[in-house]
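Source: prediction; values computed, not measured.
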Amino acid sequence: LGMVSEMMECTVQEEDGDIHIFNETDGVDVELTVGSRKVRFNGKRVTFETAPLEREGHIYLPVRDFGELFGSVYWDGETRIAWLYHGTEPLYKVIGNQLLRADEDGIHKVALPQGFDLEGVAAMSVGIEPVTQVVCNDEIYLRINCEGVFDQPIPLFRVEKDGDLTYLCEVPGSGSFAVDGKRLYTTANMNAGGWNSADNDPTMLYATTLGETPTTTAYRMNFEIVRCRLSIEGNDLIATNGEEQHVIALNALEAFEARQ
């Protein structure tokens with residue numbers, strides 16, 4: 001019950017087994033009773049499959065029943081992890097060794113292209129998310145740490161309109177990246193072990209053309225772009241670090257091209 005209060009930013013009141021969960025800002029109002037499957041949700045009567053229960057002084061809510069009041073629920077029995085999603089925009093997440101997509105239609109399993117799997121994800125530290133999701137020009141790009149390590153390149157995929165993933169190229173295991181549809185923009189691979197360590201200049205921006213034969217050009221900025229979050233706005237690359245923001249015109253990048 002305490003986790004519900006934290007995760008959903010709701011106020012929870014409980015007295016003698018009667019539970020009231022509400023958030024006036026988001027229009028959430030749930031009334032339940034320990035031991036009863038009868039629930040009132042935003043004024044409507046609902047029947048749970050499983051009743052809330054009390055054990056050793058703690059009250060437990062049925063995850064699937066409660067989660068489906070607000071959206072979709074995915075349960076992984078092997079890891080015993082539940083994912084509650086109540087948004088509308090697509091969101092990707094790895095649970096166990098399965099890539100999942102949540103959207104307004106629910107939570108679905110997503111297959112990786114042939115030759116890729118998520119067997120190495122289990123080796124990652126708890127709390128580190130294997131998927132980095134970036135949206136550029138209404139297209140979704142996923143950097144997926146399939147091997148669970150940061151000392152080697154990591155595959156980048158584009159989500160096609162039918163939901164399938166297309167492998168594009170390899171990218172650094174850490175740091176920000178942005179895509180404008182034709183080129184991928186990355187910075188030095190900070191905190192990624194030995195890979196790319198010989199060229200770990202914090203001022204360098206790398207632009208890689210996407211296609212059958214990717215080529216990379218290095219551009220030297222006059223600031224440490226490696227510390228920035230990259231995004232695309234129109235024809236500009238935006239590099240943001242806290243309140244500091246740099247606007248780089250993509251059609252004038254040649255002026256920054258690194259010379260040997």
Side-chain angles (χ1 to χ4, degrees), residues 1-111 118-135 140 142-145 148 159 163 229 242-243:
L1 193 59
M3 291 180 62
V4 170
S5 175
E6 295 178 9
M7 292 174 58
M8 302 186 63
E9 298 182 349
C10 290
T11 299
V12 178
Q13 297 176 343
E14 188 275 328
E15 184 176 355
D16 297 330
D18 292 326
I19 306 162
H20 187 198
I21 301 170
F22 60 94
N23 182 328
E24 295 180 357
T25 302
D26 296 332
V28 173
D29 194 291
V30 186
E31 296 178 31
L32 317 92
T33 300
V34 171
S36 172
R37 296 190 297 117
K38 303 298 183 182
V39 177
R40 185 178 291 275
F41 172 61
N42 289 351
K44 298 180 180 180
R45 294 186 180 277
V46 179
T47 301
F48 280 179
E49 291 187 8
T50 305
L53 62 85
E54 183 174 2
R55 182 176 295 169
E56 297 180 355
H58 297 281
I59 294 176
Y60 297 88
L61 303 181
V63 172
R64 182 171 298 279
D65 286 327
F66 187 80
E68 288 180 347
L69 291 176
F70 306 95
S72 302
V73 178
Y74 178 85
W75 169 254
D76 183 75
E78 185 173 342
T79 61
R80 302 188 64 79
I81 292 176
W83 183 20
L84 280 64
Y85 178 79
H86 51 87
T88 56
E89 296 300 318
L91 180 64
Y92 288 80
K93 187 178 185 64
V94 171
I95 296 181
N97 59 2
Q98 180 64 57
L99 177 64
L100 304 168
R101 171 188 167 115
D103 53 35
E104 59 185 354
D105 295 323
I107 300 176
H108 322 277
K109 294 182 179 180
V110 179
L118 295 168
E119 296 299 328
V121 170
M124 297 183 70
S125 300
V126 175
I128 298 179
E129 178 56 54
V131 181
T132 303
Q133 177 175 329
V134 168
V135 180
I140 301 175
L142 305 175
R143 178 176 64 189
I144 304 179
N145 194 335
V159 180
R229 180 178 59 83
E243 296 183 357

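- No donor-acceptor distance shorter than 3.5 angstrom exists from the side chain of Arg37 to the backbone of Ala51, with no hydrogens or angles considered.
- Using a 4.5 Å heavy-atom threshold, the side chains of Leu100 and Tyr85 count as separate.
- Looking at every heavy atom in both residues, Gln98 comes nearest to Val110 through NE2-O, 3.3 Å.
- Panel note: side chain Glu14, backbone Gly17; a donor-acceptor pair is recorded below 3.5 Å.
- Once rounded to the nearest 0.5 Å, the distance linking CG of Leu142 with OG1 of Thr132 reads 9.0 Å.
- For the pair Phe41/Glu31, no side-chain contact is recorded, criterion being any heavy-atom separation below 4.5 Å from C-beta on.
- Taking each heavy atom of Val94 and Glu129 in turn, the nearest pair found is N-OE2, 3.6 Å.
- Tyr74 is not listed as a side-chain neighbour of Lys93, based on a closest heavy-atom distance of 4.5 Å or more.
- Here the closest non-hydrogen pair linking Glu68 and Val73 is N-CG2, 3.8 Å.
- Side chains of His20 and Thr11 form no contact here, defined as non-hydrogen atoms less than 4.5 Å apart.
- Across all non-hydrogen atoms, the minimal contact from Ser72 to Gly106 is OG-CA, 3.2 Å.
- Phe66 places a side-chain heavy atom less than 4.5 Å from the side chain of Ile21.
- In this structure, Asp76 contributes its side chain and Ile81 its backbone to no donor-acceptor pair below 3.5 Å.
- At a threshold of 4.5 Å between non-hydrogen side-chain atoms, the residues Pro90 and Ile140 count as touching.
- For the pair Asp103 (side chain) and Glu89 (backbone), a donor-acceptor distance under 3.5 Å is absent.
- The shortest non-hydrogen separation linking Pro52 to Leu61 is CB-CD2, 3.9 Å.
- Between Gln133 and Tyr92, the shortest heavy-atom distance links the atoms OE1-N, 2.9 Å.
- Between Val46 and Arg40, every side-chain heavy-atom pair lies at or beyond the 4.5 Å cut-off.
- The CG atom of Asn42 sits 6.0 Å away from the CG atom of Asp29 when rounded to the nearest 0.5 Å.
- In this structure the side chain of Leu69 never reaches within 4.5 angstrom of the side chain of Val28, judged on heavy atoms.
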(request) Decide yes or no on side chain to side chain contact (heavy atoms under 4.5 Å, CB included) for Arg101 and Leu91, but give the supporting numbers first. (result) CA-CA 6 Å; Arg101 171 188 167 115; Leu91 180 64; over 6 Å; no

